[in-house]
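Every chain is numbered from 1 and lettered A, B, ... according to where its sequence line falls, protein lines coming before strand lines.
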2 protein chains.
Amino acid sequence: MSLQHALLGVLEARPMSGYDLVQFFDSSAGWIWAAPQSQIYPTLRRMERAGLISGDDERRGPKLTRTVYSVTEQGLEELNRWLSAPHAPTPARDPFLVQALNFDMIEADQAHAVLEQFIGEQEKAAAEAEAHRDRLLAKDTMLLKERLTRRDPADHDRVARIKAHVFAGIAAVARTRVEWAREGQRLLTGD
Amino acid sequence: MSLQHALLGVLEARPMSGYDLVQFFDSSAGWIWAAPQSQIYPTLRRMERAGLISGDDERRGPKLTRTVYSVTEQGLEELNRWLSAPHAPTPARDPFLVQALNFDMIEADQAHAVLEQFIGEQEKAAAEAEAHRDRLLAKDTMLLKERLTRRDPADHDRVARIKAHVFAGIAAVARTRVEWAREGQRLLTGD
DNA sequence: CACTACATGTAACTAGTTACATGATTCG
DNA sequence: CGAATCATGTAACTAGTTACATGTAGTG
């Protein structure tokens, strides 16, 4: 149930509506944890029932309201507990590895083309992760700014560097995969 | 539905029973695609109904039988089709990244300990992937040997190198993650 | 007034998890 | 004859996917 913990982590920065969270999980948070709208709304209601967050109805015009959720004391405790303990590694389940493992069964040029597309995706992912890392280091994202308003100014650099480091890691893994895929292309074309 | 393609890829090497596949997905294949017994048996039956594999009942004593599945012509075609086309990247969903992203919310020594455990896991994963890579290069695994009996001897080295390369990649990513986690530990302890 | 953004839902489905359940055969 | 291994299943559940559905408010 990491979606719940991901939501708690975001809402800790600032209270948000389901709509806000949907946007957020479609953009930057999507690099860490992807979640569709149809999963976010029900999860928020379940979390409210569980007492982890509480929803506050705000008027947005005469007929439209939005529910802004904030993390409760209990939610903060749960997040803290979950963050502090090591968890079992997630089982491997990467369709691309299944594909690459069987590249010996198809034509070399087709496998080469599949790798080419993979390289493009990974390079794009690396570039985007690096850009986000830089924005975080510059404290130049909306969410980080709001998060820091509730933190001791002496900690601001530290918080920014910790967040940025995660995106640096995502980029590093993507770069490693690019190198690996290029090596694979050389292997396919016969050294 | 990559479990189906993973199963096709394994059964292409040699026909196997559900039991054999369960063992296999608990060991080496588990690094690529994890699947529990309760998922494998029903999936095999669905694949047989779909005509991708066909089951052959073998007697194993007076009362016990086992069903040995082999890939059909149609299954091979499906596998080939799936292997030859690029697929959309899988949505990110890594609980550990959610955890690391929020390391600024907990005590540095607790975050350090969580990273320490992560490093241990990744180093173990890297070592095991490298060991398996070496076994594949030496054509020293049961499944590869059986797979190669149906291949042109001129292709044996190529097939072994392609399979091995996937495990080299898994190891490389794990090593990258280890370096990243160590950097994270330095970050937490204040450079 | 049309278009975009805001805002929230539901239904039907596939995939994956956890736990339980049952019996046969082989080997020491 | 007891333990490990062989062999196959089911039930109840949680998570995630795809597609549909509905209406409001702000902007040009």
Side-chain angles (χ1 to χ4, degrees), chain A residues 1-7 15-27 29-30 32-50 52-53 55-69 82 87-95 98 142, chain B residues 1-8 15-27 29-30 32-50 52-53 55-69 82 87-95 98:
Chain A
M1 291 214 131
S2 300
L3 173 56
Q4 300 202 7
H5 296 107
L7 289 167
M16 283 191 196
S17 67
Y19 187 81
D20 294 335
L21 288 161
V22 169
Q23 311 307 114
F24 191 68
F25 276 77
D26 270 350
S27 62
I32 304 278
W33 194 277
Q37 183 251 35
S38 64
Q39 209 189 351
I40 290 176
Y41 281 104
T43 300
L44 287 170
R45 272 175 281 131
R46 264 190 299 120
M47 287 171 76
E48 188 176 23
R49 279 204 305 281
L52 299 172
I53 58 179
D56 182 35
D57 284 9
E58 273 184 8
R59 296 228 135 269
R60 309 281 290 185
K63 289 188 180 175
L64 196 56
T65 59
R66 65 173 200 163
T67 307
V68 176
Y69 294 97
W82 185 79
H87 302 287
T90 47
R93 206 164 287 120
D94 185 342
V98 175
M142 273 300 117
Chain B
M1 292 205 135
S2 300
L3 173 55
Q4 300 200 7
H5 296 107
L7 289 167
L8 288 173
M16 282 192 199
S17 67
Y19 186 81
D20 294 334
L21 288 161
V22 169
Q23 311 308 114
F24 192 68
F25 276 76
D26 270 350
S27 61
I32 303 279
W33 194 277
Q37 183 252 35
S38 65
Q39 208 189 350
I40 290 176
Y41 281 105
T43 300
L44 287 169
R45 272 176 280 134
R46 265 192 298 122
M47 289 170 75
E48 188 176 22
R49 278 204 305 280
L52 299 172
I53 57 179
D56 183 34
D57 285 7
E58 273 184 9
R59 297 228 134 270
R60 308 281 291 184
K63 290 187 179 174
L64 196 58
T65 60
R66 66 173 201 164
T67 307
V68 176
Y69 294 97
W82 185 80
H87 302 287
T90 47
R93 207 164 288 120
D94 185 343
V98 175

Nucleotide nearest [X] (side chain, heavy atoms from C-beta), chosen from [options]:
X: A:R45; options: C:dC6, D:dA7, C:dT10; answer: C:dT10
X: B:P91; options: D:dA15, D:dT17, C:dA7; answer: D:dT17
X: A:P36; options: D:dT18, D:dA25, C:dA7; answer: D:dT18
X: B:L64; options: D:dA15, C:dG23, C:dT18; answer: C:dG23
X: B:S38; options: D:dT8, C:dT17, C:dA7; answer: C:dT17
X: A:D20; options: C:dT17, D:dG9, C:dA7; answer: C:dA7
X: A:P42; options: C:dT10, D:dC6, C:dA7; answer: C:dT10

Item to complete: List the steps, then state whether side-chain contact (heavy atoms from CB on, under 4.5 Å) holds for B:Q4 with B:T43.
Response: CA-CA 7 Å; B:Q4 300 200 7; B:T43 300; 4.0 Å; yes
Rounded to the Å, how far apart are [X] [atom1] and [N] [atom2]?
X: A:R66; N: C:dG9; atom1: CZ; atom2: C1'; result: 17 Å
X: A:L21; N: C:dT8; atom1: CG; atom2: C1'; result: 13 Å
X: B:F24; N: D:dC6; atom1: CZ; atom2: P; result: 16 Å
X: A:E58; N: D:dT24; atom1: CD; atom2: C1'; result: 16 Å
X: A:L44; N: D:dA15; atom1: CG; atom2: P; result: 14 Å
X: B:Q39; N: D:dT8; atom1: CD; atom2: C1'; result: 16 Å
X: B:L3; N: D:dG16; atom1: CG; atom2: P; result: 18 Å
X: A:Q23; N: C:dT4; atom1: CD; atom2: C1'; result: 12 Å

Discussion item. Is a donor from one side chain sitting under 3.5 angstrom from an acceptor on the other, for B:D57 and B:T67?
Written reply: yes
If only side-chain N and O atoms of [X] are considered, is one of them under 4.0 Å from the OP1 or OP2 phosphate oxygen of [N]?
X: B:Y41; N: D:dT8; result: yes
X: A:R93; N: C:dT17; result: yes
X: A:Y19; N: C:dT8; result: no
X: A:R60; N: C:dC6; result: no
X: A:R46; N: D:dA15; result: yes

Worksheet item: To the nearest 0.5 Å, how far apart are CH2 in A:W33 and OG in A:S2?
Response: 4.0 Å
Worksheet item: Under a 4.5 Å cut-off applied to non-hydrogen side-chain atoms, are B:W82 and B:M1 in contact?
Response: no
Fill in: B:P15 side chain reached by B:D56 side chain, heavy atoms, under 4.5 Å
no
Discussion item. Please determine whether a side-chain nitrogen of the Lys or Arg among B:D20 and B:R66 lies less than 4.0 Å from a carboxylate oxygen of the Asp or Glu.
Written reply: yes
Fill in: Quiz item: A:Q37 side-chain donor-acceptor pair to C:dT8 base, under 3.5 Å
yes
